[in-house]
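Written below as structure tokens is the structure these notes are about.
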Amino acid sequence: MSAALKGRIADGGRLLPTLAVGVCGGGLAYAAGLPLPWLLGALIVTTLLSLAGRALPAPKASRRLVLVVIGVLLGGAFTPEMATDVGRWAASMTIMLLGTAVMMAVSVWLLRRVGGHSMDTAIYAGMPGGVSTVTLMAADSNADLRVVGLTHAVRILVLLLAIPPLLQLIGHVSLQTPTATVARWFAMPAPVDAAMLVGAGVFGAWLGRLVRLPNPLLFGPVLVSGALHITGVCEATIPPFIVALAQVVIGVSIGVRFAGTSLASVGFTLVLALLQAFLLILLAVGAAWLAHAVTGYSPAAALLAYMPGGAPELSLVALSLGIEPAFVTSHHLLRLTVLILLMPVLLTKLRRRCA
């Protein structure tokens, strides 16, 4: 057995307690009838343990695998009938991009003027989404990585906790966890379909990296799986128990980000991050209602599409609740692509203005 393989097995063994905590939290939330139980249960429990000083290993390799799985799942939401909605999608995406510009302006102003941070820090911490890509870009700048990381982590945490009450307020969607028999819970696709889903994940991840998509492990499989489903070549889906495990991994991967965080030492940054999150949520709600009035799409779908990141988490929420997952995923892909392409230009211009 190679040293690399032994290392991966050892890393997997160290991760088991984290996943066990997440599964227990999700199971308790499921038994209590909470919305999005496997995601929010794992998220809440691991966040509380992290803030209490318990260091839990982060699911790095398993998160990458889960991103591929979620991408294949989301691709299955694309159907041939969507070709007739191109006009409404274009209108909604235009509103989303305009809303993103407003969110970006509000975030940068808040972090720059109220927080007193540098322009680099304000830009990267204020970007509404793409935490993984943003963190890598920020590492090559003069940004304060602690502020950038904490701001994004807090925003995603607040978004996920705010989604159930917001959707209940908006209406048009049921947050009740659907009941399923054991057979349905573990139902596996036919061998040929399973091979196509695995192939979509592997090839999609490779393709995403090849063409340098934002979050390639997520959006590459989305494109390949979506092509298979929208053409009718494959109609299979991944069994519910894998979806639940994906939610657990996403939940704990957010919760463990708060390990080693002292509330006393990051008090002002935390308060500013909370304020930013609430302001962006209000902007997203307003944009969602505008999109609903213009396009006729449900405000729930528009809200998940316009929420300021993260793409894997919000796309998984849309998939789990059956709220137009293809619509939501496409909007997040477009926003991240535009932001990443424009970020260097925007940063250069703002630096010159501040010089």
Side-chain angles (χ1 to χ4, degrees), residues 38-39 61-90 92-93 96 130 132-133 178 180 183-247 249-250 297 301 304-305 310-338:
W38 300 104
L39 175 63
S62 56
R63 177 179 167 83
R64 290 193 288 269
L65 176 61
V66 161
L67 288 178
V68 174
V69 171
I70 294 173
V72 174
L73 278 167
L74 293 170
F78 288 81
T79 63
E81 292 76 18
M82 289 179 179
T84 61
D85 282 343
V86 172
R88 291 200 299 161
W89 277 41
S92 177
M93 286 179 171
M96 181 269 297
S132 300
T133 305
R184 174 77 182 94
W185 192 255
F186 293 96
M188 298 296 292
V192 174
D193 289 329
M196 283 193 286
L197 293 177
V198 172
V202 174
F203 180 69
W206 173 81
L207 180 65
R209 284 174 165 166
L210 178 67
V211 300
R212 297 184 179 181
L213 287 175
N215 208 332
L217 296 181
L218 174 70
F219 290 120
V222 166
L223 295 179
V224 176
S225 177
L228 290 175
H229 285 85
I230 205 168
T231 56
V233 174
C234 179
E235 298 180 354
T237 58
I238 293 176
F241 83 92
I242 295 181
V243 180
L245 287 176
Q247 292 186 46
V249 173
I250 292 295
Y297 271 105
L304 292 179
E313 293 82 6
L314 292 172
S315 297
L316 185 57
V317 169
L319 183 72
S320 302
L321 297 178
I323 306 176
E324 302 282 356
F327 175 84
V328 173
T329 302
S330 299
H331 280 65
H332 283 284
L333 174 58
L334 176 63
R335 175 167 58 195
L336 286 179
T337 301
V338 170

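Contact detail for Trp89 and Ser330: the closest heavy-atom pair is CZ3-OG, 3.2 Å. Residues Leu314 and Val328 share a closest heavy-atom pair of O-CG1, 4.2 Å. Contact between Val72 and Ala200 at its shortest, heavy atoms only, is CG2-C, 4.3 Å. Residues Pro221 and Pro216 come closest through the heavy atom pair CD-O, 3.5 Å. What you find for Met188 and Pro239 is that their closest heavy atoms are SD-CG, 3.5 Å. Ser92 and His331 make their closest contact through OG-NE2, 2.8 Å (heavy atoms, listed as atom of the first residue, atom of the second, distance).
Here the straight-line distance linking atom CG of Leu73 with atom OG of Ser320 works out to 8.5 Å at 0.5 Å rounding. Atom-to-atom distance recorded for Ile70:CD1 and Ile242:CD1 is 12.0 Å, nearest 0.5 angstrom.
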**Message:** If you apply the rule side chain to side chain contact (heavy atoms under 4.5 Å, CB included), what do you find for Leu245 with Val69, and how did you get there?
**Reply:** CA-CA 10 Å; Leu245 287 176; Val69 171; over 6 Å; no

**Asked** Where do Leu213 and Leu223 land on the side chain to side chain contact (heavy atoms under 4.5 Å, CB included) test, with the steps shown first?
**Response** CA-CA 10 Å; Leu213 287 175; Leu223 295 179; 3.7 Å; yes

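Two residues are said to be in side-chain contact when any heavy atoms from C-beta on lie closer than 4.5 Å; Thr337 and Phe219 fail this criterion. At least one side-chain heavy atom of Leu217 sits under 4.5 Å from a side-chain heavy atom of Arg209.
Here the side chain of His332 pairs a donor or acceptor atom with the backbone of Leu304 at under 3.5 angstrom.
Test Leu74, Leu333, Val222 against Ser315 for side chain to side chain contact (heavy atoms under 4.5 Å, CB included) and you get one pass: Leu74. Checking Cys234, Pro189, Ser225 one by one against Met196, the side chain to side chain contact (heavy atoms under 4.5 Å, CB included) holds for a single residue, Cys234.
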